[in-house]
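The structure appears below as structure tokens.
Just so you know, these numbers come straight off a predicted model, no measurement behind them. Sequence lines set the chain letters: A, B, ... in the order given, protein chains first and strands last, and positions in each chain run from 1.
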There are 2 protein chains.
Amino acid sequence: MSRNIVPDIVVGRLPIYLRMLDFLVQEGRQITSSQELGDRLGISSAQIRKDLSHFGEFGKQGTGYNVAYLRDQLKRILHMNQEWNMVLIGAGDLGHAIAHYQGFAAHGFHIVGVFDNDPAKVGKALGKYVVQGMEDLQGVIEADKAAMGIIAVPAAAARQVADLLIGYGVRALLNYAPITLTTPHHVKVQYIDPVALLQHMAYYLPNGAGA
Amino acid sequence: MSRNIVPDIVVGRLPIYLRMLDFLVQEGRQITSSQELGDRLGISSAQIRKDLSHFGEFGKQGTGYNVAYLRDQLKRILHMNQEWNMVLIGAGDLGHAIAHYQGFAAHGFHIVGVFDNDPAKVGKALGKYVVQGMEDLQGVIEADKAAMGIIAVPAAAARQVADLLIGYGVRALLNYAPITLTTPHHVKVQYIDPVALLQHMAYYLPNGAGA
DNA sequence: TAGATTGTTAATCGATTAACAATC
DNA sequence: TAGATTGTTAATCGATTAACAATC
């Protein structure tokens, strides 16, 4: 049943499944099962079958799933059968790290421009990029059809940057700034907040441990 | 009721509440309400009250919450009333970025050593650190009582690094490698996987958008 | 006091799991 | 065929929300 609305939490697990299938393809595996995937990912086999069932029937009873086929189907479902252009806002330490990150391109995500509002940074080289001023943002988004934006500015500026990106038509934001953004419902946001994750884990550590 | 087990999903929201309360303290606010917090965070006020109720009673009927007091209570609950030492494994691009990240110290998280198994990297300066070999890992963890580890090695090495850290007594792992780790139940893991988040969002973008 | 907001209960909603017929 | 595994249904489990008495 491909037409019902799929719970967001299910969509969020698909990239994990895809990652594992990519790995199995690398290993030369032909066939897998919901049981094996679940064991390797720490998820129940029932959940994997149920998640996949939102999108169609990909397996064979008694046999399991063809690894490459299921991988290809998940890539299609996640719109990984095309390239995605992104703009990166913020050329500080964090922006540098993101601009240098090698892991995006292999998955079809491409940073097509790095922007900062600091005149001291504009024009400077940043890896294979040259930092551009915010006045060039709209032009690049439109020319390169960038549908995604990466926010790597201080929290105090993130709200404003997000509004700008949304105004220019960007519909997905990966936000590294430690601040909750509220956006129109057609704009998706995901957060990367290492400090919040560390705090989450610290809760479970016995007090007195650590330094 | 401070003694029942608190759902993990609730614990995961506390850092977000804490972040907002820190912000309100900065702004000089004295009092807030579940309504205001919810509006600002895109969460229902009922959820905020219910979440907090797992840990005690922090507000006053008719008035709301004292911002600084609630902030301090959340810091205590999350064990942020102490310092936490961490080791960083991996001195590649990603390790460099993490080692340079300024945001940890202000929250009481400290990287006390950077490690890599590549002899070409060992001994090299990395910001304020000097990259150490894996043979020094145990000594540093024990000497500095590091309870947390940050994994910034390639996926192929992450499993082995995690086992090593766990063997040396580390009980919380922040994993930047794109691989699911299975750990003993007393060891917590959190994941940072930008590609997975981008794929999650790409699902919602109309096909044909992007590059 | 009157108005506001908490903490909590009960109802609702949604996600996960167990179980199994279908079938490869 | 016998064994294995899917896709799906129903049951269970857990999380969120609505509502309100308590009370500041």
Side-chain angles (χ1 to χ4, degrees), chain A residues 1-17 20-21 24 29-74 77 180 200 203, chain B residues 1-17 20-21 24 29-74 77 180 200 203:
Chain A
M1 55 199 59
S2 173
R3 280 302 81 190
N4 286 347
I5 281 170
V6 179
D8 185 66
I9 198 166
V10 171
V11 177
R13 283 191 291 262
L14 299 186
I16 307 306
Y17 301 164
M20 177 57 67
L21 290 160
L24 292 173
R29 294 284 306 282
Q30 305 288 315
I31 298 290
T32 187
S33 66
S34 60
Q35 179 74 51
E36 179 184 40
L37 292 172
D39 287 349
R40 285 177 177 264
L41 295 173
I43 289 177
S44 78
S45 63
Q47 179 160 86
I48 288 175
R49 293 197 301 279
K50 186 126 217 313
D51 284 355
L52 295 177
S53 76
H54 287 97
F55 303 97
E57 307 190 357
F58 306 109
K60 271 222 249 303
Q61 283 106 320
T63 306
Y65 302 94
N66 179 298
V67 173
Y69 176 74
L70 182 54
R71 189 263 317 254
D72 290 344
Q73 292 302 306
L74 286 179
I77 291 165
T180 300
H200 185 165
Y203 172 82
Chain B
M1 52 200 62
S2 174
R3 280 303 81 189
N4 287 347
I5 281 170
V6 178
D8 185 65
I9 198 166
V10 172
V11 177
R13 283 191 291 261
L14 299 186
I16 306 306
Y17 301 164
M20 179 55 69
L21 290 161
L24 292 173
R29 294 285 306 282
Q30 305 287 315
I31 297 292
T32 188
S33 66
S34 60
Q35 179 73 53
E36 180 186 39
L37 292 171
D39 287 348
R40 284 178 178 264
L41 295 173
I43 289 178
S44 78
S45 64
Q47 179 160 86
I48 289 175
R49 294 197 301 280
K50 186 127 216 314
D51 284 355
L52 296 177
S53 76
H54 287 98
F55 303 96
E57 306 189 359
F58 305 109
K60 270 220 251 301
Q61 282 107 322
T63 305
Y65 301 94
N66 178 298
V67 173
Y69 175 75
L70 183 55
R71 189 263 318 253
D72 291 344
Q73 292 301 307
L74 286 178
I77 290 165
T180 299
H200 185 164
Y203 172 81

Atom pair distance, as rounded to whole Å: CZ in A/F55 and P in D/dG7: 13 Å
Ring geometry between B/Y203 and A/F55 (parallel below 30°, tilted from 30 to 60°, perpendicular above 60°): perpendicular
Non-hydrogen atoms of B/L24 and B/E36 that approach each other most closely: CD1-OE1, 4.3 Å
Distance, rounded to the nearest Å, where A/I9 contributes CD1 and D/dG14 contributes P: 14 Å
Residue A/S33, side-chain atoms from C-beta onward, closest of D/dA15, D/dT17, D/dT6: D/dT6
Any B/Y65 side-chain N or O less than 4.0 Å from OP1/OP2 of C/dG7: yes
Short side-chain N/O contact from B/S34 to OP1 or OP2 of C/dT6, under 4.0 Å: yes
Phosphate contact (C/dT16 OP1 or OP2) by A/R13 side-chain N/O below 4.0 Å: yes
DNA chain D contacts made by residues 36-45 of chain A, counting heavy atoms under 4.0 Å: none
Length of the NZ-P vector between A/K50 and D/dA10, whole Å: 12 Å
Donor on one side chain, acceptor on other, A/Q47 and A/D51, under 3.5 Å: no
Nearest-nucleotide 5' precedence on DNA chain C, A/R49 against A/G62: A/R49
Rounded distance in Å - CD (A/Q47) to C1' (D/dG14): 13 Å
Rounded distance (Å) that lies between atom P of C/dG7 and atom CG of B/L70: 9 Å
Candidates C/dA18, C/dG7, D/dG7 - which lies nearest the side chain of B/S53: C/dG7
Complement of C/dA18, any strand, by Watson-Crick or G-U distances under 3.5 angstrom: D/dT9
Opposite nucleotide pairing with D/dT23, Watson-Crick or G-U, both atom distances under 3.5 Å: C/dA4
Side-chain N or O of B/Q61 closer than 4.0 Å to phosphate OP1/OP2 of D/dA22: no
Nearest heavy atoms of A/L52 and A/F58, plus distance in Å: O-CE1, 3.5 Å
Whole-Å distance separating the NZ atom of A/K60 from the C1' atom of C/dT23: 12 Å
Note, A/N66 side chain near A/T32 side chain (heavy atom, < 4.5 Å): no
Donor + acceptor pair across side chains of B/S45, B/R49 (<3.5 Å): yes
Heavy-atom side-chain contact between B/I16 and B/M20 under 4.5 Å: no
Distance, rounded to the nearest Å, where B/N66 contributes CG and C/dT6 contributes P: 13 Å
Nearest-Å distance for atom pair CG/C1', residues A/D51 and C/dG14: 13 Å
